[in-house]
Structures are given as C-alpha cells and as structure tokens.
> 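Below is a structure I'd like to ask you about.
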Amino acid sequence: TSLYADYQPLVVVDGFPVANGFRDINPNDVESVTVLKDAAAASIWGARSANGVIVVVTRKSKMKGKVQVEANALVRIGQKLDLSTVLTTASSEDQVFYEKMAFDNGWIAPLNDVFTYLNTSMSLAKEYMYDFANGKILEEDMNKGLEKLRQLNNRKQIRKYLLENPITQQYSLSISNSTDRAKNYMSVMYENTGGNVISNDIDRWRINFNNQSNVFKWLDFNIGVNIHYVDSEFSGPTIGEINDLSPYEMILNEDGSYATQLKKNREQLAKIPAGVLPNDDWSYNILREVRARKYTREELNTRLQVGVLLRFAEGITFDSKFQYELNRLETEYLDKEDSYLARDLVNTYIDYDQASSTVKTQFLPQGGILRSSMTKVKNYSWRNQVNLMRSCGEKHDINAIVGFEISQFDRLDRTNPCVYGYNSKKMTSTPLPFGAYSVNKQGQKVQIKTITGQNQDGIYTMGNESFGTETLFASRLDRFVSVYGNAAYTFDGKYSLSGSFRSDASNFISEKASYRWAPLWSVGGLWNLHREQFMHSVESWLNALSIRLTYGFNGNAETSTSPVTLV
C-alpha cells in the first residue's frame, strides 16, 4: 500500500468491482467468498488489487423444473452501551476534587470580567468557587454547592434518556426456478437497525434479480439487477456530545424540566437585559437539542450487469460483460428553531452595543437552519475476455485467459447553500436581511459582526460545522484502459507453472505518457503435495496440502496528486 492511495481491498461481485463493497450485497444471496492476496491477483484486477481482492459470487437457481422459495427472519436485541468503557469522564466526586485542588493551588485563574469571555463557559463547580473568590457567596455556601455536585451522577439518566437497546430486524424472501434453457433468481430483503442512542435508525431495502439463459448451444446470455435503498436518521447524540457533559450535569431535573448544561459564561450573559436578544433563551440541554433536530440520509444504489458467452470450440470461449452503477446520496441537517444551534447562531451574528444594551443589526433571521448535500456516482466497466481450457492427454492441462477492459468512474459532490429562517411545516424560509457578506446598504457598508464585537467578512462556519451561503461543487472523473493475460500449465495434477501480466492506463494528468501506464506481472509455481504417492499414508487425516510460490510486481493508483501543477 502507500501513504495516499486507497487502502481498502477490492470487492468483486459476480465478476465486477463494485463501488460500495459489501454494503449493497444481501448477505442471504452470497454463495461463496474467496480472498486473493498475491502477485497473480493483479493480472486479473490490476492496480486496485494491491490491498487484496475479495471475490463474491451470489446465488443462482440450481433446482431444475421446480420453483424454490426460501424465507428468513432475524431479530437481534443488543445491550445498551457500557458507559464505563465508552465515556472518558471521571466521577463527579473526582472531578470536583481536582477542580477544587486546581483552584486552591492557583493553577486556574478566574476569567476577567469582560464581555468577550461570553463564549468561554465555566463548569458548575468553578462557578461556586469563583463566586466565593469574588465575594458573591460565603465559603459555607460554596462548600454546600460543591457537596451537592459530588452527590450527582448523570450516567443513570444518560442510560435512561439517551441510550437504547440496539434492535435489528431482518426479513428476506428469495424465489428461484431453473429449466434446461434458463435460470432465474430473485430476492427481496428488508432490514431495520436501531442505534445505540435515541433517534438513530436505519431502514434498508435490497432487491436482487439475475437471469442466465442458454439462447443457443453456442451462446449464453445473462442479466442481473441490484437495487439498494437506505433511509436513515442520525439525529441522536454522539459519544463526543455525551463526553462533553460534566459528570454532575444532569439531563432532567426532578420536576422533569431540562437541567442546566453550560455552553456560555453565565456571568457575562447576565449583563444582557431580558428581551434584548433575538432569542431570550440561550440555554443548552443535550436531550432538548436531540429533540429539536432532524438529521437524515437517503441513499439509492443501483447496479446493472449484462453479459454474453460465446463458445467457439471445445475449451475456447469468449466472455463479454458490461456493468453500470448509479448511486445517489442526499443528506439533510435540519436544526429547528428551538435547537441550541439555531438559537446560538442567530444570537451570535448580531451587532450588539454593550453600552446601551441594544441590538443595532440582526444578520440572521430567526427560525430553523437547513443544510443539505448531494453525491452522485456513475460508474461503468466493459470487460472482454477469451478463455482457454484444454487437456492434452491424461497429464497435461492448460488454462489461459487474455482480455481487455475499459472503465470510467464519475463522481459529483454538491453542498447546497444553507437555508436560514426555515419552517419545515410551512416549507418557507427567510432571506438574509443583509446578505451573506459585508455589503453596501443604501450607500453605507454593513459590516457583519458577532455579539462580542468581532468583525466577520461573511457567514462561513461555526465550530466544525459549515454554514456557507454558496453552492460548493467537487467533481472527479477517472478513466482506465487495461489489457491482461494469465496462463497456467499443470502436469499430472501435481505440478503447475503460471505467469501473468496486466497493464492499466489512466487519464492521470502527466507530461510523460509512461506515468499513465502500470505494467504488472507475476510468475509462480504450485506443488500439490497431497497427491504424491508418499503422502497416501496420511490421507486419512490430511486431504489437502499444497506449496505455492509467486513472485511479481504490483502497485496501486495514487490519484490525489499530480506531477504537473494544476490550476
């Protein structure tokens, strides 16, 4: 492998590499799986075989003259996550102990009383300590508050309100029939998978159909169609979000209201009078946040395979196959008006005058925020191969293939502009009142600001989330032309010699054509030791033993860079 090239093994299904690996395969349709990992594998699959090849053959109809129906059902219930192994937080008692030790030793200093520290939150324990240090409360009150925090433990509430038992339901039905001239196989599978946390759920449908027809004695025709549809929701809390909670930050209070979880400096937030901000409520709670967002992903993957097999003479055939893949993925992130993310963005992007406690300009409209993206993948491969299988006498066998292949992989990614002031029920949105960038409004420049007085050139990102207002595109087109061959000679079923070659050419951007070709080759030998006369004495407990050695030159395709400067 290499530092930058793909490190995944190549998954081949019914003679063709597939874009999504095992994701589009109904496990009930799998007949056999073979793993290839040596120099000879490159002769068939080229540079992409550098990390190994996993060859999957799906089921075909075998029972002649009969219709075979098979049904399977599976229900699996898992255990909830073990928080002691998943979370990295200490116990409440330990956290308060170390926070108090750091405070007593002066390892942490209280924040300056300036408004720019609005977004720098303290923990609940630090609030007690700094209030005591600033003379706002007595030492007795601080100790009572810290003792109360020591007694709290949010893990029980996390298990109750945020975690779920993962439940998987899978139902499949297959129908097949076979005659002297045709074989048909069709399967349908539905699967529902619940996540380890609330609001995470996946619905999956798989449909598979293949037909093999003997049109003439010298001509076979086959066609296969595979459809994979996925509708999933991933609105639930991430392990990172749960880890961000202090162990004494509860989910709900005893009265059922949302408990306090700090994202802002409450000392600085208290300086803003009520009714001034676009959203008076600037509090955060992880359960409230999960309930106020809807993150979904919809995916449709289709694959069509068509092939013909021509028989020219005994042991000589010509095989031509074509595969087309069309995959589409659409992702939506909806943060409703009640979500902290939406309220935080609207309150953050304002021109706030601290002296007069007034909002001069509000740059984002109130309401929900919708982000969406789309990925479309269109691939095709056309493979043509001549096969030779001949036996000369009783001890000589020759197997050889030679062929060529052309393929194209086309991918388009699009990130749509962020929609503000979005109402999912009315399907409406609100335009940005001053645009997405610093603009001139009636002859005057309107400078986008944040509540703490920072100037912004535009509305781009907030933390690790993207909230751009432009459409972003990314496209990639890879084309390959390949020639290959593989031959093996076997004597007496015991000794084999083999050789192979393959050369892949691509549209890799380079001034030298040689950089666009990858000559790969191998030679090898095989000794079926178990067929020797002297091994017959152990055949009662050892029925297969072979020694194989291959030597060759292999490589992979690193396509993220180029020797030519690209503009």
> Verify whether the ring centers belonging to Y380 and Y324 lie closer than 6.0 Å.
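Here the rings of Y324 and Y380 have centres that are no less than 6.0 Å from each other.
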> Could you verify whether a donor N or O on one side chain and an acceptor N or O on the other, from K271 and Q268, lie under 3.5 Å apart?
yes
> Answer with yes or no whether the side chains of N153 and S92 bring together a donor and an acceptor at under 3.5 Å.
no
> If we count only N and O atoms by modelled type, under 3.5 Å, do the side chains of Q354 and Y352 hold a donor and an acceptor together?
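Absent: no donor and acceptor within the cut-off.
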> Can a side-chain donor-acceptor contact be found between S372 and N416 if the only test is distance below 3.5 angstrom?
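Yes, side-chain donor-acceptor contact under 3.5 Å.
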> Do the side-chain N and O atoms of D203 and Y190 include a donor-acceptor pair separated by under 3.5 angstrom?
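Short answer, yes.
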> Would you say the side-chain atoms of T120 and N265 include a donor-acceptor pair closer than 3.5 Å?
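No, N265 and T120 have no side-chain donor paired with an acceptor closer than 3.5 Å.
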> Report the C-alpha separation of N423 and T428 in whole Å, then their side-chain angles, then the decisive distance to 0.1 Å, and conclude whether the side-chain hydrogen bond (donor to acceptor under 3.5 Å, both in side chains) test is met.
CA-CA 5 Å; N423 187 314; T428 58; 4.9 Å; no
> Salt bridge or not for R288 and D338, using N-O below 4.0 Å?
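A salt bridge links R288 with D338.
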> Would you check if there is a donor-acceptor pair between the side chains of D281 and N279 at a distance under 3.5 Å?
no
> Looking at K263 and D344, does any basic side-chain N land under 4.0 Å from a carboxylate oxygen?
no
> Drop me the distance from K136's NZ to Y130's OH, to the nearest 0.5 angstrom.
13.0 Å
> Assess the side chains of R204 and H228: does a donor N or O sit below 3.5 Å from an acceptor N or O?
yes
> Do we see a donor-acceptor contact under 3.5 Å between the side chains of K264 and N119?
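There is such a pair between these side chains.
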> So, Q323 versus Q305: side-chain donor-acceptor pair below 3.5 Å or not?
yes
> Testing the 3.5 Å rule here: is there a donor-acceptor pair between the side chains of E93 and S91?
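No pair is found: no donor N or O on one side chain lies under 3.5 Å from an acceptor on the other.
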> Determine, for K126 against E267, whether the closest basic-nitrogen to carboxylate-oxygen distance falls under 4.0 angstrom.
no
> Looking only at side-chain N and O atoms, does D29 offer a donor or acceptor that is under 3.5 Å from a partner on T58?
no
> For the residue pair Y258 and R291, confirm or rule out a side-chain donor-acceptor distance under 3.5 Å.
yes
> Looking only at the side chains, is there a donor atom on one of K449 and N455 sitting less than 3.5 Å from an acceptor on the other?
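The criterion, which ignores hydrogens and geometry beyond distance, is satisfied for N455 and K449.
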> So, D410 and Q408: side-chain donor and acceptor under 3.5 Å apart, yes or no?
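Absent: no donor and acceptor within the cut-off.
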